[in-house]
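Quick caveat: nothing in here was measured; it's all calculated off a predicted structure. We number each residue from 1, following the sequence as shown.
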Amino acid sequence: QVQLVESGGGLVQAGGSLRLSCTASGRTVTSYVMGWFRQAPGKEREFVAAIWWSGGITYYADSVKGRFTISRDNAKNTVYLQMNSLKPEDAAVYYCAAGTRGRRPDEFDYWGQGTQVTVSS
């Protein structure tokens, strides 16, 4: 089992920045891909960004490329999502997840509880 705990959400004005953190515990995650997803009210959960724990390869949704950066700290077992130039449409509950491949929610096995990001216009 892998436990994931997110933090760092909050309220920010449009154009502002937030950094989300996701700390993993339990089973080793070094063979996993770590992803961030988000879900706004009435919408499906969507992929935001992911990073391979081993090797650090990253990939992003087109909607956040150039604004969001995913990174990891191996020593802290923590993955970060730096979000810059936030837009009202970025507002959602953000979830951290661990899986073995892909960018679809059903390809990820473990999920955090989510952290709310609110962007005021």
Side-chain angles (χ1 to χ4, degrees):
Q1 287 287 342
V2 175
Q3 291 79 45
L4 303 172
V5 178
E6 303 103 332
S7 61
L11 171 64
V12 64
Q13 286 189 330
S17 299
L18 280 175
R19 188 178 79 158
L20 306 182
S21 301
C22 171
T23 300
S25 61
R27 184 176 176 180
T28 182
V29 293
T30 55
S31 62
Y32 282 87
V33 57
M34 303 297 296
W36 285 99
F37 291 78
R38 65 188 182 188
Q39 189 167 18
K43 294 189 177 181
E44 292 188 352
R45 191 167 297 189
E46 65 173 358
F47 171 78
V48 176
I51 185 168
W52 284 96
W53 204 281
S54 176
I57 295 173
T58 61
Y59 46 102
Y60 297 90
D62 288 343
S63 59
V64 306
K65 276 182 185 176
R67 300 189 299 122
F68 291 11
T69 302
I70 189 170
S71 62
R72 76 204 192 288
D73 184 329
N74 290 353
K76 295 182 178 179
N77 262 10
T78 298
V79 174
Y80 303 99
L81 185 67
Q82 177 66 44
M83 305 185 295
N84 299 329
S85 302
L86 281 160
K87 305 174 181 180
E89 53 264 40
D90 293 317
V93 177
Y94 282 70
Y95 296 90
C96 175
T100 55
R101 60 186 176 93
R103 59 178 69 198
R104 296 198 319 263
D106 62 0
E107 292 175 314
F108 286 75
D109 302 312
Y110 302 102
W111 292 84
Q113 81 287 354
T115 186
Q116 178 72 51
V117 171
T118 304
V119 184
S120 63
S121 56

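- Although no hydrogens or angles enter the test, the distance criterion places no donor-acceptor pair under 3.5 Å between the side chain of S63 and the main chain of A61.
- Considering all non-hydrogen atoms of both residues, M83 and L86 come closest at CB-CD2, 3.8 Å.
- Counting heavy atoms from C-beta outward, E107 and V33 have side chains that stay 4.5 Å or more apart.
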Side chain to side chain contact (heavy atoms under 4.5 Å, CB included) between W53 and N74, worked out: CA-CA 8 Å; W53 204 281; N74 290 353; 3.1 Å; yes

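- Residues T78 and S21 share a closest heavy-atom pair of CG2-CB, 4.2 Å.
- No donor-acceptor pair closer than 3.5 Å links the side chain of Y80 to the backbone N or O of T69.
- Sorted by first and then second residue, the side chain to side chain donor-acceptor pair (under 3.5 Å) pairs with a member in residues 108-121 read E6-Q113; sequence neighbours excluded.
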Less than 3.5 Å apart, which donor and acceptor atoms pair up between the side chains of residues 90-97 and the rest of the protein, not counting sequence neighbours?
unit_1 : atom_1 : unit_2 : atom_2 : d
D90    : OD1    : R38    : NH1    : 2.9
D90    : OD1    : R67    : NH2    : 3.0
D90    : OD2    : R67    : NH1    : 2.7
D90    : OD2    : R67    : NH2    : 3.4
D90    : OD2    : K87    : N      : 2.8
Y94    : OH     : R38    : NH1    : 2.9
Y94    : OH     : D90    : O      : 2.6

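- The six-membered or imidazole ring of F47 lies near that of Y59, with a centre-to-centre distance under 6.0 Å.
- Summarising the geometry of C22 relative to W36, their closest heavy-atom pair is CB-CZ2, 3.6 Å, with the distance given to 0.1 Å.
- Scanning all heavy atoms of the two residues, the minimum distance from G56 to R72 falls at CA-NH1, 3.5 Å.
- The two atoms that bring F37 and R45 nearest to each other are CB-CG, 3.8 Å, heavy atoms only.
- Side-chain atoms of S17 and N84 include a donor-acceptor pair closer than 3.5 Å.
- Contact check for V79 versus I70: side-chain heavy atoms found under the 4.5 Å cut-off.
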T23 vs Q3, side chain to side chain contact (heavy atoms under 4.5 Å, CB included): CA-CA, chis, key distance, verdict: CA-CA 8 Å; T23 300; Q3 291 79 45; over 6 Å; no

Criterion side chain to side chain contact (heavy atoms under 4.5 Å, CB included) on L20 and V117, from CA distance to verdict: CA-CA 9 Å; L20 306 182; V117 171; 4.1 Å; yes

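- You'll find the side chain of Y60 stays beyond 4.5 Å of the side chain of V48, heavy atoms only.
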